[in-house]
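This is a predicted model, so every value here is computed, not measured.
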Amino acid sequence: MTSYHVFFSARSEAKEPSLIATTRALAAELTAAGKIRSPRFLRVTNPANFTSLLRFQLIVDCADQTGLDAAMAHVRSRVHEGPHGEILRFVSDFKVCFSTDA
């Protein structure tokens, strides 16, 4: 399995409930389209000694790199539209990483 991880925080003027709802809508849209499976959306409640950790994390799983590439192409094709476009307006900072099962 190949996973996409995005850590992000809301802009000061953004309402967290709206950001959460929109992120869930994006994950549901991608899941329904068969682009991703088993998305997880997390809120960091205690960063412990990792003080630079951003407030939210979305983990998206795909069967393999080909599936991840297809999901990313789908999002890029309408990056400023729909839920993803709304998320871009809500987010102040984000960091991305990728992983595979060990």
Side-chain angles (χ1 to χ4, degrees):
M1 184 162 338
T2 300
S3 302
Y4 169 77
H5 305 257
V6 59
F7 296 87
F8 56 97
S9 293
R11 293 178 189 258
S12 59
E13 67 275 9
K15 305 286 188 245
E16 280 192 3
S18 296
L19 176 59
I20 291 167
T22 304
T23 302
R24 290 182 190 276
L26 176 62
E29 174 187 299
L30 294 171
T31 301
K35 300 298 180 185
I36 64 170
R37 58 182 176 178
S38 63
R40 295 190 59 212
F41 183 41
L42 310 170
R43 178 185 328 199
V44 175
T45 57
N46 182 351
N49 66 348
F50 192 0
T51 57
S52 62
L53 189 62
L54 301 174
R55 177 92 166 136
F56 295 101
Q57 180 184 18
L58 176 64
I59 305 167
V60 173
D61 296 325
C62 297
D64 54 23
Q65 186 63 47
T66 301
L68 178 62
D69 292 344
M72 298 298 280
H74 178 81
V75 170
R76 277 192 306 274
S77 73
R78 37 184 307 220
V79 71
H80 295 289
E81 301 172 18
H84 193 273
E86 289 182 49
I87 290 168
L88 291 178
R89 290 187 287 277
F90 289 141
V91 169
S92 65
D93 191 18
F94 70 96
K95 306 287 183 204
V96 171
C97 69
F98 302 89
S99 66
T100 59
D101 288 352

Enquirer: Would a single hydrophobic cluster contain both Phe98 and Ile59, if residues Ile, Leu, Val, Met, Phe, Trp and Tyr are joined by side-chain heavy-atom contacts under 4.5 Å?
Expert: no
Enquirer: Going from CZ on Arg76 to CG on Asp69, what distance comes out if it is rounded to the nearest 0.5 angstrom?
Expert: 7.5 Å
Enquirer: Same hydrophobic cluster for Val75 and Leu19, using side-chain heavy-atom links shorter than 4.5 Å among ILVMFWY?
Expert: yes
Enquirer: Taking all non-hydrogen atoms of both residues, which atom of Glu29 and which atom of Pro83 are closest, and how far apart?
Expert: OE1-CD, 3.4 Å
Enquirer: Mark yes when over 12 heavy atoms from residues, nucleotides or ligands other than Arg78 sit less than 6.0 Å from its CZ; otherwise mark no.
Expert: yes
Enquirer: Is a donor from one side chain sitting under 3.5 angstrom from an acceptor on the other, for Ser3 and Asp61?
Expert: yes
Enquirer: For the residue pair Phe8 and Phe41, does the interplanar ring angle fall in the parallel (under 30°), tilted (30 to 60°) or perpendicular (over 60°) class?
Expert: parallel
Enquirer: Are Leu54 and Leu58 connected into the same hydrophobic cluster when the rule is that any two of I, L, V, M, F, W, Y join if their side-chain heavy atoms are below 4.5 Å apart?
Expert: no
Enquirer: Return all side-chain donor-acceptor pairs below 3.5 angstrom for residues 84-97, not counting sequence neighbours, or 'none' if the list is empty.
Expert:
residue, atom, partner, partner atom, Å
His84, ND1, Val79, O, 2.8
Arg89, NH1, Gly85, O, 3.3
Ser92, OG, Ser9, O, 3.3

Enquirer: Any idea which heavy atoms bring Pro39 and Ile36 closest together, and the distance?
Expert: CB-CD1, 4.0 Å
Enquirer: Where is the tightest heavy-atom contact between Leu30 and His74, given as atom of each residue plus distance?
Expert: CD2-CD2, 3.3 Å
Enquirer: Would you name the heavy atoms of Leu68 and Tyr4 that are closest together and state the gap between them?
Expert: CD1-CB, 3.8 Å
Enquirer: With the 4.5 Å side-chain cut-off for hydrophobic clustering, are Leu42 and Val44 part of the same group?
Expert: no
Enquirer: Of all heavy-atom pairs between Ala10 and Glu16, which one has the smallest distance, and what is that distance?
Expert: CB-CG, 4.4 Å
